[in-house]
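Below is one structure, written out as C-alpha cells; comments come after it.
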There are 2 protein chains.
Amino acid sequence: MEPDGDQIDALLRLRGVRVTQARRSVFELLSGSALPLSAARIDEMLGNAGRSIDLVTIYRTLETLERCGLITRADRFNEGWRYMVISREHHHMIVCSECGSASPLDVCDLNRIEQSLERTTGFTNIRHSLQFYGICAGCRR
Amino acid sequence: MEPDGDQIDALLRLRGVRVTQARRSVFELLSGSALPLSAARIDEMLGNAGRSIDLVTIYRTLETLERCGLITRADRFNEGWRYMVISREHHHMIVCSECGSASPLDVCDLNRIEQSLERTTGFTNIRHSLQFYGICAGCRR
DNA sequence: TTTTATGCAAACCGTTTGCAGAATC
DNA sequence: GATTCTGCAAACGGTTTGCATAAAA
C-alpha cells in the first residue's frame, strides 16, 4: 500500500521535478499516515525521526507534491491546513471539537450528486470536502 | 425572513447580552446575505454603508453572536472563516477554486448518516461541513 | 555547469489580547 | 453608578517571500 523509496522517486521523476531527500521524507510520511497531517506535525514527526527539515521547506515541498497531484489539502479546521496523499479510496473524517482527535470513516456516496451538479451549476472539475464534527467519548466526561 | 431591528434586539436581549449598534449591524448584514461572509468582507460592507466598525469589534461581535447561537462559522477555505446565520434550512455551497465565488445549493441528506455515526463512533453532538469545489463557468475560459 | 531546492530571516495576513475610554443597563 | 462593549495598538500563529548557499541534473 505504502510506496517504498524507489516508487516515490519514480513518481517524482515522472512529474519532472527533482528527487530530493525532503520530498522523499515528506511523501513517505504522508503515505504512512492514516490521518491528514499539518505542516507543523510533519515537522515534528520528521524531527523525532532524526530527519529534520526546515518548516519552510516542508511548506514548499507540500506545495510541490500538491501541484504534482500526489497529495491534497484535506481541510482547515482549528489549526491550519492538513495534507494527505491522494488515494483511490476516498475517505472522510470525524473530528472531535474538543481535543481535535480524528477517526477515518468509510462512507462516501456523493459522486452521483457531483455529476448532477456539473449539469445544473455549470461548474466543472467538481470535488468535495465532507467533514463531521462532534464530541468524542473521551472528551464527553 | 430577515429579522428587522426590533426582532434582533429581542433576540439579543433574550440571550442576556447587551444590545449595541455593532451587534445590530453585523447580525442584520449576515441575515440579509445568502452567502457566508468573512470578517474582512463584513468590515468592508459596513464601511461602504457608512456604518464602519473596527475589525476587532467585528471579530468579538461574531464570537458573541456565535456563543448566543445566532450564527455559525461556515468554513475556512482560502482566506479565513466565513460566518452565516443559523437558519432552519441547512445549506451547502459550491465554491470556484479559481475566483472564490460561491453559490448556495439546496441539498442535504446527511442527517441519517449523522444518526448512525452517533451509534457507531460514540461521538455526540455531531455536525458536519460539506463543501463542493470546482471551476465555475466564468473561469473556465 | 546550469538549474532547481534548501535554510535562514523577515514579511505577511487573519485573528486574538490588553487596556483605557465610551456606551449600555 | 456598575458593568459591559468598543477602538486602538500591539502580539500571535500559520504561511509565504527574498536571497545566498547547497544539492540535483
Side-chain angles (χ1 to χ4, degrees), chain A residues 5-6 8-29 36-47 50-68 70-83 100, chain B residues 5-6 8-29 36-47 50-68 70-83 100:
Chain A
D6 287 352
I8 294 167
D9 289 9
L11 284 171
L12 289 174
R13 247 185 280 275
L14 196 67
R15 264 80 175 185
V17 304
R18 294 192 171 171
V19 176
T20 69
Q21 193 51 54
R23 290 170 183 171
R24 243 192 302 244
S25 298
V26 170
F27 186 62
E28 201 163 351
L29 189 64
L37 303 178
S38 66
R41 183 95 183 88
I42 292 172
D43 192 41
E44 183 192 345
M45 292 174 76
L46 289 178
R51 315 184 137 220
S52 288
I53 299 176
D54 193 281
L55 184 56
V56 173
T57 300
I58 293 179
Y59 277 109
R60 287 197 265 233
T61 299
L62 289 169
E63 194 199 333
T64 301
L65 295 177
E66 190 181 12
R67 270 210 325 276
C68 289
L70 295 174
I71 68 170
T72 185
R73 307 188 189 201
D75 67 277
R76 187 182 186 179
F77 190 44
N78 276 326
E79 343 63 23
W81 292 107
R82 298 192 305 170
Y83 300 82
Chain B
D6 287 352
I8 294 167
D9 290 7
L11 284 171
L12 290 174
R13 248 186 280 274
L14 196 68
R15 264 82 174 184
V17 303
R18 294 193 171 169
V19 175
T20 68
Q21 193 51 54
R23 290 170 184 170
R24 243 192 301 244
S25 298
V26 170
F27 186 62
E28 199 163 351
L29 189 63
L37 302 177
S38 66
R41 183 94 183 90
I42 292 171
D43 192 40
E44 183 192 345
M45 292 174 76
L46 289 178
R51 314 184 138 219
S52 287
I53 299 175
D54 192 281
L55 184 56
V56 173
T57 299
I58 292 179
Y59 277 110
R60 286 198 266 234
T61 299
L62 289 169
E63 194 199 332
T64 301
L65 295 177
E66 190 181 12
R67 271 211 323 278
C68 289
L70 296 173
I71 68 171
T72 186
R73 308 188 189 202
D75 66 276
R76 186 183 187 180
F77 189 45
N78 276 325
E79 342 62 24
W81 292 107
R82 298 191 305 170
Y83 300 81

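Just so it is clear: chains get the letters A, B, ... in the order the sequence lines come, proteins before strands, and each one is counted from 1.
In this structure, A:Arg60 reaches the bases: a heavy-atom distance under 4.0 Å links it to at least one base atom across the strands shown. Counting non-hydrogen atoms under 4.0 angstrom, B:Ala22 reaches the backbone sugars and phosphates but no base.
Between the side chain of A:Arg23 and the main chain of A:Arg18, a donor-acceptor pair closer than 3.5 Å is present. Judged purely by atom type and a 3.5 angstrom limit, B:Arg73 has no side-chain atom pairing as donor or acceptor with the backbone of B:Trp81.
Considering only side-chain atoms of B:Thr20, the nucleotide from D:dC5, D:dC8, D:dT15 that sits closest is D:dC5. Checking C:dG7, C:dT15, C:dT6 against every side-chain atom of A:Thr61, the shortest atom distance belongs to C:dT6.
For A:Arg82 against D:dG14, no side-chain N or O and base N or O form a donor-acceptor pair under 3.5 Å. With hydrogens and angles ignored, a donor-acceptor pair under 3.5 angstrom links the side chain of A:Arg18 to the base of C:dT3.
For B:Arg41 and C:dT15, the CZ to P distance is 15 Å, given to the nearest whole Å. Counting to the nearest Å, the P atom of C:dT6 and the CD atom of A:Glu63 are 12 Å from each other. Atom CG in A:Leu12 sits about 13 Å away from atom C1' in C:dA5, given to the nearest Å. As a whole-Å value, the separation of B:Leu37 CG from C:dT15 P is 13 Å. Whole-Å rounding puts the B:Arg13 CZ to D:dT4 P distance at 16 Å. Going from atom CG of A:Leu65 over to atom C1' of C:dA5 covers 13 Å, rounded to whole Å. Distance CG (B:Asp54) to C1' (C:dC19): 14 Å, rounded to an integer number of Å. Protein atom CD of A:Gln21 is 18 Å distant from nucleotide atom P of D:dA22, rounded to whole Å.
Summarising the geometry of B:Pro36 relative to B:Arg82, their closest heavy-atom pair is CB-CB, 3.7 Å, with the distance given to 0.1 Å. The two residues B:Ser25 and B:Leu46 make their nearest non-hydrogen contact at CB-CD2, 4.0 Å. Closest non-hydrogen pair, A:Asp43 versus A:Ile53, comes out as OD1-O, 2.9 Å.
Residue A:Thr57 places at least one side-chain N or O closer than 4.0 Å to OP1 or OP2 of C:dG7.
When each of B:Leu55 and B:Val19 is assigned the nucleotide of DNA chain C with its nearest heavy atom, B:Leu55 is the one assigned upstream, toward the 5' end.
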